[in-house]
Amino acid sequence: MPELPEVEVLARHLQRLLPGKTIRGVDVRRPKVLRPDSPDHFCRALLGAKFTGLSRRGKYFLFQLRRPKSREDFTLLGHLGMTGRMYLARKNAPLPKHAAVVLDLGRENFIYEDTRYFGRLTLDLSAVASLGPEPLSDDFQPASFGQALKRSAQAIKVKLLDQSLVAGVGNIYASEALFRARIAPQRAANRLTAAQVKNLWSAIRTVLAEAIDCGSTVPLNFAGGADNLFYFGLAAGMEDYYEERLLVYDRAGQGCSVCGRPIKRIVQAARSTFFCPHCQKK
DNA sequence: CACCATGTTCCTTG
DNA sequence: CCAAGGAACATGGT
């Protein structure tokens, strides 16, 4: 699930469920996802704490927690990596194969599962400090965005994945934003014109905002089946619907939605890029 | 067996 | 110190 829009949609969902709930038990099944925390430190901090809020920064979740008798919140940082999911599940539901951390919340469990274990759940907040501006906030401005791009000769697509430039854009929405802005992904970042910078700035915001809207409206399997109460995911059969809105990502060989010519796939920085060579100009 | 996958971090090299 | 390129992390799908 993991680019800014998916994290945002899930954060909004969990925000309705978590506040007020107390952590009565902590089961760390994959200590590596706590890095650099030790399981001991992690468990001691969380045990007995109560969720008070939840927000998002880039692709990170910021869980606000409070210890009993304390007036001060502390923050738990979450990241889904490539394959992570976080949801509440029934106490008696069988744990998923790749459960990384399970928090006992009384009536239900908070499950963080992650097939590849690239994600994190940690008290170490240092990763957030180096993030660039939030793309959907007023902190993200064309002028400063353009300034930052000037300092790099890297291909613009690769630059968009740099979380210190702008926080939350990943491999899917980088391709989508460049298609929308009609800019070739190979173009050097420092060679975009001012007009292109503005278009790209705007395209990033549009693409992310539309994805959040889509994720908020698409039928989600919040309730789940009998064994999986509170499970979060797309409702059955909705995966395609959710991906239809992507205009170029994973569409190599298909006709461009604007000109009809085939979408191409290239590899940049060891990752796939999808684009229309006809519509996206260098 | 080969290659691919929504991400980040570490290590080199220049 | 910085920019850039590549490998590593770990598992599963096709």
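The analysis underlying the following values was restricted to heavy atoms, covering all of them including side chains, and did not include hydrogens, waters or symmetry mates. So that the names make sense, note that chain A is the first sequence line, chain B the second, and so on, each numbered from 1.
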Working for side chain to side chain contact (heavy atoms under 4.5 Å, CB included), residues A:Ile23 and A:Phe110: CA-CA 9 Å; A:Ile23 300 171; A:Phe110 172 89; over 6 Å; no
Intermediate values then yes/no, side chain to side chain contact (heavy atoms under 4.5 Å, CB included), A:Tyr173 and A:Ile204: CA-CA 8 Å; A:Tyr173 297 109; A:Ile204 289 168; over 6 Å; no
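Between the side chain of A:Thr22 and the backbone N or O of A:Arg24 there is no donor-acceptor pair closer than 3.5 Å. In this structure a side-chain-to-backbone donor-acceptor pair under 3.5 Å is present from A:Gln15 to A:Leu54. Not one N or O on the side chain of A:Gln196 forms a donor-acceptor pair closer than 3.5 Å with the backbone of A:Ile183.
Phosphate proximity of B:dT9 to A:Arg35: absent, as no side-chain N or O sits under 4.0 Å from OP1 or OP2. For A:His79, no side-chain nitrogen or oxygen approaches OP1 or OP2 of B:dG7 to under 4.0 Å.
Using a 4.0 Å cutoff on non-hydrogen atoms, the parts of residues 154-171 of chain A near DNA chain C are A:Gln154, ordered by number.
Across the protein-nucleic acid pair, A:Asp124 atom CG and B:dT9 atom C1' stand 13 Å apart, rounded to whole Å. Atom OH of A:Tyr173 and atom C1' of B:dG7 are 15 Å apart (whole Å). Straight-line distance from the CZ atom of A:Phe274 to the C1' atom of B:dT6: 12 Å, rounded to whole Å. Nucleotide B:dT6 holds its C1' atom 12 Å from the CG atom of A:Leu4, rounded to whole Å. Look at CE on A:Met82: it is 10 Å from P on B:dT8, rounded to the nearest Å. We find that CG of A:Asp114 is positioned 12 Å from C1' of B:dT6, with the value rounded to whole Å. In this structure, A:Lys59 places its NZ atom 13 Å from C1' of B:dT9, rounding to the nearest Å. Between the OH atom of A:Tyr60 and the C1' atom of B:dT6 there is a distance of 15 Å, rounded to whole Å.
Look at B:dC11: its Watson-Crick or wobble partner, with both distances under 3.5 angstrom, is C:dG5.
Geometrically, A:Arg56 does not engage A:Tyr60 in a cation-pi contact, judged by NZ or CZ lying under 6.0 Å from the ring centre and within 45° of the ring axis.
Summarising the local packing, CD of A:Gln254 is surrounded by more than 12 heavy atoms from other residues, nucleotides or ligands at distances under 6.0 Å.
Side-chain rings of A:His98 and A:Tyr117 approach one another, their centers coming within less than 6.0 Å.
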Annotated protein contacts, base or backbone, on nucleotides 8-14 of chain C with a non-hydrogen cut-off under 4.0 Å, one of B, S, - each: -BBBS--
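Relative ring orientation between A:Trp201 and A:Phe140 is described as tilted, the plane-to-plane angle lying within the 30° to 60° band.
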